[in-house]
Peer 1: 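Before anything else, here's the structure in question.
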Amino acid sequence: MTSACLAQQAQNDAMVDALLREILVGLKHFAATGDSVSIDLGGLPMSGRDRAALDVFLDAGEVRATIETVGRSEVWETRFSGVWRVRHFADDQIAVDLIEIAACPKILSADQRDAQGSARRLEEALDEKIAKTEISHET
Amino acid sequence: MKHDETLDALIERRGVSRRAFLKYASYVATLMALPPGSAAALAEGLAKAKRQSVIWLSFQECTGCTESITRSSSPTLENLIFNFISLDYHHTLMAVSGEAAERARVEAMQANKGKYIVVVDGAVPTKDGGVYSTIAGVSNLQMLEETLRDAYAVVAVGTCAAFGGIPKADPNPTGAVAISELSGGKPLINIPGCPPIPEAMTGVLSYVLSFGKLPELDHFGRPKAFYGETIHDRCYRRPFYERGLFADGFDDEGARQGYCLYKLGCKGPTTYNACATLKWNGGVSFPIQSGHGCLGCSEPDFWDRGGFYRPLPTPLGAMGPALAGAAIAGAALGIGAAVAARSHRNGASATTGKDKE
Amino acid sequence: MTAKTTASGIAYDVQGDRPDVERRDAALQAFVRDFAATAAIHMESCLRCGMCATACQYYVTTADPKYTPINKLKPFEQAYHRHVGPFAPVYRFLGLSANVGIDMLQEWEALLFDACSLCGRCTLACPMGIDIAELIKEARHGMYMAGLVPDRLELMDRTAKAWGSPATPADDFADIIREAGEANHVPVNVDLPKADYVITTAPAELTEHTKALTDIAKILNKMGLNWTYSSEGFEASNIGYINGDLELQEKMTRKMIDNALAIGAHTLILPECGHAYGAARWEAARWYGKEIPLRIIHMTEFLGESVASGKIKLKPIGETATFHDPCQLARRGGVTEAPRAVLKALGLELTELQDHGALGWCCGGGGGVVSNVRADPLRFKAFELKKQQVEATNTQHFVTACGQCRITLTLGAKKFKWDRKVESLLELVADNLED
Amino acid sequence: MDLLAFARGPALTFALAVFVLGSLWRLIGILALPPWRDLSPAREGAPPDWLAALQGIFGKMIPHKTFLKGGMFAIVNGYVFHIGLAICVFAFAPHILFLKSLFGLSWPGLPNGLVFAVGALTAGSLLAALAYRLTSPVLKLISRGDDYVSWLLTFLPVITGLAAASHIGARYETLLALHVLSICAFLIWFPFGKLMHAVLFVFSRGATGIRFRHRGAQL
């Protein structure tokens, strides 16, 4: 390995280390106050190598989910509980890469207004189902 | 074509969850490097916004900008924007044609008076009353003036609209000008590039939609989020520049090693754009990554800066005749001075004329 | 001839009673007339770095910035840019270089004559290689033409014109030689119609160092050479060269050369005098207008050659000595080895001065400074430098090869009650000839 | 036309034309004066004129030890900024491209970081030179307007170059344009002031070399 490569390597590590320290600060804050913190990896000058190093270090924990709306998204908890990875894809490329420090990433929770709509739809569907049953009983 | 429905309602009607807003808002926040946490506010803003009426005018242009923005393989994140806007007039894309098309434009203008956004691609010829480009018998000049009158803002997409671009290139036979020269004080956003990066367009429109104001712009009216840094500053080949490692040709060892393309005329150091970070075709590559220097297409007059392969620090223009002339004149003056000095010292002029106080 | 002071209290002498403007114009015209390409290059090249100041004995011993060598040229630099430089028409048109006024020339008289010995040490310090000493000579020409020369020098000039020498009328020359011969018991040759060697003199020998006249005679007799002194053109020191009286310089040069050629000499021996070497060895051909079919050598060179060739044998003295290099001989003439070879032949163990050879300090009296009483205080300042360096060598003999240097240093020693004799190399040789 | 295009185009062409015109005017104006012919016989063993000139030109690069005492600072500092300027001008890749476009010759450059450091040192050295000029009684007396103008026009390209390389003060293209314009100013002034010593030193030292070596004297 040339000296230039080594210098480059040290620089990479420096980037990842700094990021991990930022995550630690955020996690301590969340643990103490319950306020969630979000870090946008897209805005950081990270190389593919940095990203891979970060992935390896944070690893995966207990939860993994896939969201299918306007394209695919992947969410998983890292081996550090409360530290989540959120990735949105566009055309199979990572469009958004976030670290969220929270009880649960907001994108996973159902929106209350969506719930209102779905309650309405459920009610309609239920009514329809019952009506169908009643008709079949009558016949 | 009046748009009373909120995007919130629209999205629900289309059977998509509000996660789409949040996801899209994260995307725009990332694109525009907004502070962390602003995604939620952006999502809220989007939900409450009405569908934005957009009138897209195409003047002296090549349709490359439209291609850039509409081209996408699958209906995903980036083109969710087309759900949030109502493209009420775009004569390349719209289904109707002829008088019906022009009627659509006029109707949209009336229905959304003071609220619609005009997007323009292409420069406007002004010479000879603007006869060099007309649509349905109306000159570009006239159509722009008419459409802008009740617009909320104007977005100049592409370098031709933003700076005059290729139509304005020397000798500019049609007297083409940038939209900024004709926008008459309307809020203006320039999104230059040949073509511009689609994400810049998406991001800016979403920002306007969500926050109801223009994003921060630089002195050329370009959103700083996308045009805040030079290609050179964010270029992955930058370390080679710093170390003085350059490709001297497109097929030499340096080129193969991926060295800096500065010597081959790369305009990265003076070009403000996001190509080096967002890249093109869904993040696949950008010109420098493909082995060619930056042309500087998002800068004014990029066509007339001495050639794409002329290195940045070299002088522009042919200096030969000027320098040859100067050399001859200099030599003549030198000989003249020596002759004058000889005669001056031999003659009496040191003691005559105005030398006497 | 009158001594005056400028408004700023600086003393100057003035000759003649022409109007000021006429004087000024004469000075500038004379100055620009001299301009050749080399002088012009040097006028153009100054970087104003101040290095020349560190080389000048008058600056170093006084720390007065006005003695910075290049500053001594200021009025003439202005005149150059206004009248000769390639941009002269532009300078004149735009008024960029003010026309020099008579007051400025008056003020600069002391800087050009009292505070410069033409020693050229500054030339060696200049990173651009500007020959400042040469330019000062050009400037002195302007000053001479304006009648702005120290009275003492002007007196010598007029004397030289009248007598052929500033020291003595030509008519008395033969008598002086004969008297010296009798006094020192050395047979002398004067005014032989034909001879191979012509011996020339400087004022110092004709007044204070008359023994030198017979010292060389003794050596030449010993060598059995065919030589003579000549009442026509005996004067080699050329006051015109020092005063900037180019007309006189040419006249004296021609007289000396023509006489030597008339006698049929093949060699002209210059006296122990620095400026004579500059004027005759290096500049004579310029004024003579063509190459001179005559060998012109300095006394020191002659001694060196004669010792080297074994034509004279010397008795070793077996003591220690230090040597003062005359500027015109060493720095501006390139003669540094000959005197050392002679000292060696004399069996003197040489301890060099801290600054010696081409870089030695000037005695402080060259270029007419020693003859110019007005310059005495400055000259004594400069002497202190030399005194220190001589003392540091801790030697028994203090030798030099220039009569003017000897006079200057002797006057200095007297002033400071310094118990050192300044010896002549010629005299040492003559006194130690092996029988 | 923006500032950078103006600087690289008309301004640079004009400046170079003035540079060529003025330099030739001055140089020929001096050299076409009548020569001073030395008719005296040369000292035995004196080198031929061309060699004597070279001895003058190169010999004068190293000052005599005896002059170091009073001039140490000026000499060392002079060396620092001259070498510094030479490195900045001739070893920085963009400058090499500029020179190549003028003369067609090219050579390898040094890493930017190194050149930047040298540039910073040069700027410091130039400031020190100015401070020296403003405080030394000798220099104060002999300095002319030219000395300060020439200093400024040497300092400006260095400082704007450093600013452009480090993106301090304004946008890069603006800094680059100012850098080019400062060089234009330098080029325009060059023939008329003491900057011309970069050319004249050859003739000045050469002439003295010939005069002195002809006499067998040391330079």
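Convention: sequence-line order gives letters A, B, ...; per-chain numbering from 1. What's counted below: heavy atoms across the whole structure, side chains too, no hydrogens, waters or symmetry copies.
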Peer 1: Just wondering, more than 12 heavy atoms not from K279(B) lying within 6.0 Å of its NZ?
Peer 2: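 Yes, NZ of K279(B) has more than 12 neighbouring heavy atoms, counting only those of other groups under 6.0 Å.
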Peer 1: With a cut-off of 6.0 Å (strictly less than), are more than 12 heavy atoms of other residues, nucleotides or ligands near CD of E242(B)?
Peer 2: yes
Peer 1: Give a yes or no on whether the backbone of T314(B) and the side-chain of R8(D) come within a donor-acceptor separation of less than 3.5 Å.
Peer 2: yes
Peer 1: Return the option, out of G244(B), P269(B), G320(B), A332(B), with the maximum number of heavy-atom pairs under 4.5 Å with chain D.
Peer 2: P269(B)
Peer 1: Tell me if the OH atom of Y148(D) is crowded by more than 12 foreign heavy atoms within 6.0 Å.
Peer 2: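 Buried by this count: over 12 neighbours within 6.0 Å.
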Peer 1: Looking at every heavy atom in both L21(D) and A329(B), which two are closest together, and how far apart are they?
Peer 2: CD1-CB, 3.5 Å
Peer 1: Looking at S101(D), G9(D), P94(D), which one has more heavy-atom pairs under 4.5 Å with chain B than the rest?
Peer 2: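 The residue among S101(D), G9(D), P94(D) with the greatest pair count is P94(D).
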Peer 1: Heavy-atom distance under 4.5 Å to chain B: side chain of F19(D), backbone, both or neither?
Peer 2: neither
Peer 1: CG/L175(D) to OG1/T270(B) distance, rounded to the nearest 0.5 angstrom?
Peer 2: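 It is 12.5 Å, given to the nearest 0.5 Å.
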Peer 1: For chain D, which of D233(B), L245(B), D248(B) has the most heavy-atom pairs under 4.5 Å?
Peer 2: D233(B)
Peer 1: How long is the gap from CZ on F163(B) to CG on D2(D), to the nearest 0.5 Å?
Peer 2: 10.5 Å
Peer 1: Is it true that atom CZ of F308(B) has more than 12 heavy atoms of other residues, nucleotides or ligands lying nearer than 6.0 Å?
Peer 2: yes
Peer 1: Who are the salt bridge (Lys or Arg N to Asp or Glu O under 4.0 Å) partners of E173(D), not counting sequence neighbours?
Peer 2: R171(D)
Peer 1: Is chain B contacted by the side chain of I96(D), its backbone, both, or neither, given a heavy-atom distance below 4.5 Å?
Peer 2: neither
Peer 1: CG of L4(D) to CG of D301(B): how many Å apart, nearest 0.5 Å?
Peer 2: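 Nearest 0.5 Å value for the CG-CG distance: 11.5 Å.
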Peer 1: Between I28(D) and G334(B), what is the shortest heavy-atom contact and its length?
Peer 2: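 Where I28(D) meets G334(B) most closely, the heavy atoms are CG2-C, 3.8 Å.
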Peer 1: Please find the pair of heavy atoms, one from A32(D) and one from A338(B), that lie closest to each other, and give the distance.
Peer 2: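 That would be CB-CB, 3.4 Å.
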Peer 1: Could you report the tightest heavy-atom contact between P313(B) and L97(D), atom names first, then the distance?
Peer 2: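 Heavy atoms of P313(B) and L97(D) come nearest at CG-CB, 3.8 Å.
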Peer 1: Indicate yes or no for a side-chain donor-acceptor contact from N112(D) to the backbone of Y241(B) under 3.5 Å, with no hydrogens or angles considered.
Peer 2: yes
Peer 1: Taking all atoms of both residues into account, what is the closest heavy-atom pair of L102(D) and P315(B), and its distance?
Peer 2: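 Smallest interatomic distance, heavy atoms only, reads CD2-CG, 4.2 Å.
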Peer 1: What part of H219(B) lies closer than 4.5 angstrom to a heavy atom of chain D: side chain, backbone, both or neither?
Peer 2: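 Contact with chain D: side chain only.
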Peer 1: Can you list everything that forms a side-chain contact (heavy atoms from CB on, under 4.5 Å) with A15(D)? Sequence neighbours excluded, please.
Peer 2: C184(D), L187(D), I188(D)
Peer 1: Does any backbone or side-chain atom of H179(D) lie under 4.5 Å from a heavy atom of chain B? Answer side chain, backbone, both or neither.
Peer 2: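 H179(D) has no heavy atom closer than 4.5 Å to chain B.
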Peer 1: Which pair of non-hydrogen atoms, one from L316(B) and one from T13(D), has the smallest distance, and what is that distance?
Peer 2: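 Heavy atoms of L316(B) and T13(D) come nearest at O-OG1, 4.1 Å.
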